[in-house]
K.L.:
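So that we are looking at the same thing, I have put the structure below in structure tokens.
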Amino acid sequence: MSEHAHSSAHPEAAHGDGHDDHGLAHTTPVWLLVSILGLLLLLTVLTVSVTSFDLGSEGNLVVAMVIATVKAALVVTFFMHLLWDKKFHLILFLTSVLFVMLFLSMTTTDRGEYDKDVEAFRAAQAQLNRK
Amino acid sequence: MSDRAPEVAETPKSSSAPPPAADHGHAHDDHGHDDHGDHDPIHAANPHLAHHFDTPQQQFDAGKLGIWLFLLTEVLFFAGLFCAYTVYRAMRPEVFVYAHYFLDTRLGAINTCVLLVSSLTAAWAVRNAQLGQHALLKLNIVITICCAFGFLGIKYVEYHHKFEDGLLPGPRFAPTEQVWELPSFKAKHPEAAEYAERLVKRAEKLEGSKQGAAVPAPAVLGGAAPTSSTVAGNPPAAASAAATGSAPLAPGAVVEAKPELPHGTTTSAGTSPAETAPEKTLLSETTQNGEGRPTLEQVEPLIAAGVIGPKAENRDVPSRPRNAHVFFSVYFFMTGLHGIHVAVGIGVWIWMLLKAMKNEFGPNYFGPIDYTALYWHLVDLIWIYLFPLLYLIH
């Protein structure tokens, strides 16, 4: 009991190295923050340079999105402390991601659903015009 | 006294569960000699602990849950725009290929790096606040604010270029430059740029000779493909022709096609008939002209960008895809909303700087810095997706 009271009052006194889980929240060490930034910048260079290779229109988009997602995961995990944070915050965040995915996938499948009808309509219209 | 017990039990991490008996004893020892009411030692020791919270930990956790819920709504908020982007890109890929040549990838990449650096300083500022490193905290907040201003400054330069070049959303969309005249296009597809220019010259020559011969065709054809009325006027036959690869040969043919196209006058504006038949005859005409068939390198980038071919706004001269202005609506809304978030972030960071100047933050009170940093990281996160989606279209 008393050691907890002590550590909550002076977290840095007992654990100056940064790997500290006894304050109100985890303290991220500087070397980790800097290396995450390094990785993020590296991935930015990668995603720009990969556009000069033709992987097909879909391929380039997929690669760009994969790189963006890796970057986003790095930011969320380390910069936003989710690795050490309460799991409930992680669940909250993943829920929002899940609903975004649902939103996007439902809309795109719905959009594609009417392609045939639209094409048939246009073909019919073109035929009418030809007569 | 019984209401004091949970207060002490909250102080340690919830993972460590001390024996209840010892806990109660401790609570009594701690608070036995304290004035009851507002002057409890925890609030006395923590001037920033609001009266409705029992402990700094409780206050911090409540705030953190609050900011995460807010970020959740922000993600969903932006999802609407990402959805609009997805639908429009699925419908009109050529518009995105066309428009991305107008965006400055270099400035976009620099802005990405600026935001990432500011994300580091924001995360570092949280650490500074947690450890009570007041000088470093102020420095990191100042760097973050500078990066944010840098981001908006670069964004301003980009917007300014767009405004000057007529790349505006909606009816104001009137690009001053053709896509194949852009350095970004020429660098990527030099042959296609050259070919497009040749097509334009040929069309101009044709126009001149036709006016001499008093053929009324150009006016009819010019009005045959207005943007507004052809929203749905994309003949599937022509579209499939483009897909199968017979279309790469068409654009040259389309230009040559003018004399043959009175056929197009029979159609009502907007719904042009399947182009395949006239294209084939014109193709032979092209070869007769001795120009030869255009190569794939010359034609493919132009078709992909909707400059020529079935998706172009104008069938006679190399132009731009229909409804290209919608991209700029999407672009301005997405980057604009993001920019507003950056501007709000600057305001909040200045507020945090003012608080940090008073050395308010320390191990037991760093929540505001943490929450601001979380918001800032989310703004960064959205840009991480915006950058490849808008600037790095292949």
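Order of the sequence lines sets the chain letters (A, B, ...), proteins ahead of strands, with each chain counted from 1. What you are looking at is a predicted structure, and each value in this text was computed from that prediction instead of being measured.
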K.L.:
Using non-hydrogen atoms and a limit below 4.5 Å, what part of residues 385-393 of chain B faces chain A?
P.N.:
B:Tyr385, B:Phe387, B:Pro388, B:Leu389, B:Leu392

K.L.:
Name the option with the most non-hydrogen atom pairs under 4.5 Å to chain A; the candidates are B:Met91, B:Gln59, B:Glu74, B:Lys188.
P.N.:
B:Met91

K.L.:
Tell me, please, which residues at least two apart from B:Tyr365 pass side chain to side chain donor-acceptor pair (under 3.5 Å).
P.N.:
B:Lys355

K.L.:
Quick one: ring-ring contact (aromatic ring centres under 6.0 Å, His included) partners of A:Phe93, sequence neighbours excluded?
P.N.:
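With sequence neighbours excluded, A:Phe93 shows a ring-ring contact (aromatic ring centres under 6.0 Å, His included) to B:Trp68, given in chain and number order.
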
K.L.:
Give a yes or no on this: more than 12 heavy atoms of other residues, nucleotides or ligands lie within 6.0 Å of atom CZ of B:Phe70.
P.N.:
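Check passes, neighbour count above 12.
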
K.L.:
Which answer fits A:Leu94, side chain, backbone, both or neither, if we ask what part of it has an atom under 4.5 Å from a heavy atom of chain B?
P.N.:
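Nothing of A:Leu94, per the 4.5 Å heavy-atom cut-off to chain B.
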
K.L.:
Ignoring hydrogens, what is the shortest heavy-atom contact between B:Gln57 and A:Leu24? Give both atom names and the distance.
P.N.:
NE2-O, 3.2 Å

K.L.:
Are there over 12 heavy-atom neighbours, none belonging to B:Arg106, within less than 6.0 Å of that residue's CZ?
P.N.:
no

K.L.:
Can you tell me which portion of B:Val97 sits under 4.5 Å from chain A's heavy atoms? Options are side chain, backbone, both or neither.
P.N.:
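B:Val97 has no heavy atom closer than 4.5 Å to chain A.
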
K.L.:
Got a sec, which pairs hit side-chain hydrogen bond (donor to acceptor under 3.5 Å, both in side chains) with one end in residues 88-108 of chain A, sequence neighbours left out?
P.N.:
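Listed by first then second residue: A:Asp85-A:His89.
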
K.L.:
With a 4.5 angstrom heavy-atom cut-off, is it the side chain or the backbone of A:Phe53 that approaches chain B, or both, or neither?
P.N.:
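Answer is backbone: N, CA, C or O of A:Phe53 sit under 4.5 Å from chain B.
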
K.L.:
Identify which part of A:Leu37 has an atom lying under 4.5 Å from any heavy atom of chain B, answering side chain, backbone, both or neither.
P.N.:
side chain

